[in-house]
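Structure record follows, encoded as structure tokens.
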Amino acid sequence: ETALFSGETREYSSDDIAKLIRRWMKQIGLGINRAHVIGSHGHDQKVAAVITPTYFSYNVTKWEETGFHNDEGHPFCIAKEMAVGKFPLFLEGVARVMKTMD
């Protein structure tokens with residue numbers, strides 16, 4: 001079942017908030033590392049690139065139809081698998097990485 005935003009509010013302790021933020025930061029770091037791997041150039045795609053790609057594209061390669069259709073008759077689908085594409089490197093990706101460096 002799909003969870004929707006209910007509008008219900010909750011109180012969290014500062015310890016719980018700190019745990020959430022640490023978990024989010026870990027996930028952000030993992031995403032940045034995946035971006036480096038996807039943006040890698042050369043023969044070994046597991047070697048991280050120094051330059052982070054600015055843009056990616058995603059193409060759905062496997063899907064499941066829901067049985068519902070839009071007003072034009074096109075079926076709604078749930079993506080099951082996607083292939084990641086990358087665009088040529090742009091200066092924006094490099095500039096954003098430089099902002100995070102000490």
Side-chain angles (χ1 to χ4, degrees):
E1 183 175 315
T2 303
L4 301 174
F5 179 72
S6 69
E8 179 183 338
T9 59
R10 293 185 182 179
E11 288 187 20
Y12 291 95
S13 70
S14 58
D15 286 340
D16 288 340
I17 296 294
K19 287 177 190 174
L20 281 171
I21 291 172
R22 281 192 295 274
R23 194 169 80 198
W24 293 339
M25 294 302 292
K26 181 179 178 184
Q27 288 300 315
I28 290 168
L30 291 171
I32 290 170
N33 289 340
R34 280 193 303 267
H36 287 165
V37 170
I38 292 169
S40 295
H41 295 273
H43 301 290
D44 183 7
Q45 290 298 315
K46 294 185 180 187
V47 176
V50 177
I51 300 173
T52 304
T54 306
Y55 302 105
F56 295 99
S57 64
Y58 299 91
N59 295 314
V60 177
T61 57
K62 289 188 180 179
W63 61 90
E64 181 180 300
E65 291 189 16
T66 64
F68 296 101
H69 296 79
N70 68 8
D71 293 338
E72 296 175 358
H74 300 291
F76 287 116
C77 299
I78 297 172
K80 296 293 185 176
E81 289 184 21
M82 291 191 273
V84 179
K86 56 189 174 186
F87 291 93
L89 297 174
F90 292 94
L91 181 58
E92 184 179 353
V94 177
R96 289 184 183 274
V97 169
M98 290 175 71
K99 284 181 170 183
T100 65
M101 295 178 166
D102 290 328

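Note that these values count all heavy atoms, side chains included, but never hydrogens, waters or copies made by symmetry.
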- prompt: Are Y12 and M25 linked, directly or through other ILVMFWY residues, by side chains that come within less than 4.5 angstrom of each other?
  reply: yes
query: In Å and rounded to the nearest 0.5 Å, what is the CZ to CD distance from F76 to E65?
result: 11.5 Å
- prompt: Step by step, would you call W63 with I78 a side chain to side chain contact (heavy atoms under 4.5 Å, CB included)?
  reply: CA-CA 6 Å; W63 61 90; I78 297 172; over 6 Å; no
message: Do I32 and I21 sit in one hydrophobic cluster, given that two such residues count as connected whenever their side-chain heavy atoms are within less than 4.5 Å of each other, even indirectly?
response: yes
Residue F68 excluded, over 12 heavy atoms near CZ under 6.0 Å: no
field: Joint hydrophobic cluster, V60 plus F56, side-chain heavy atoms closer than 4.5 Å
entry: yes
statement: Between A83 and T61 the two heavy atoms that sit nearest each other are CB-CG2, 3.8 Å
- prompt: Mind checking whether I17 and I28 sit in one hydrophobic cluster, side chains of I, L, V, M, F, W, Y counted as touching below 4.5 Å?
  reply: yes
query: If you measure from NZ on K80 to NZ on K62, what distance do you get to the nearest 0.5 Å?
result: 11.5 Å
query: So which heavy atom on H69 is nearest to which on G73, and how close?
result: CD2-O, 3.1 Å
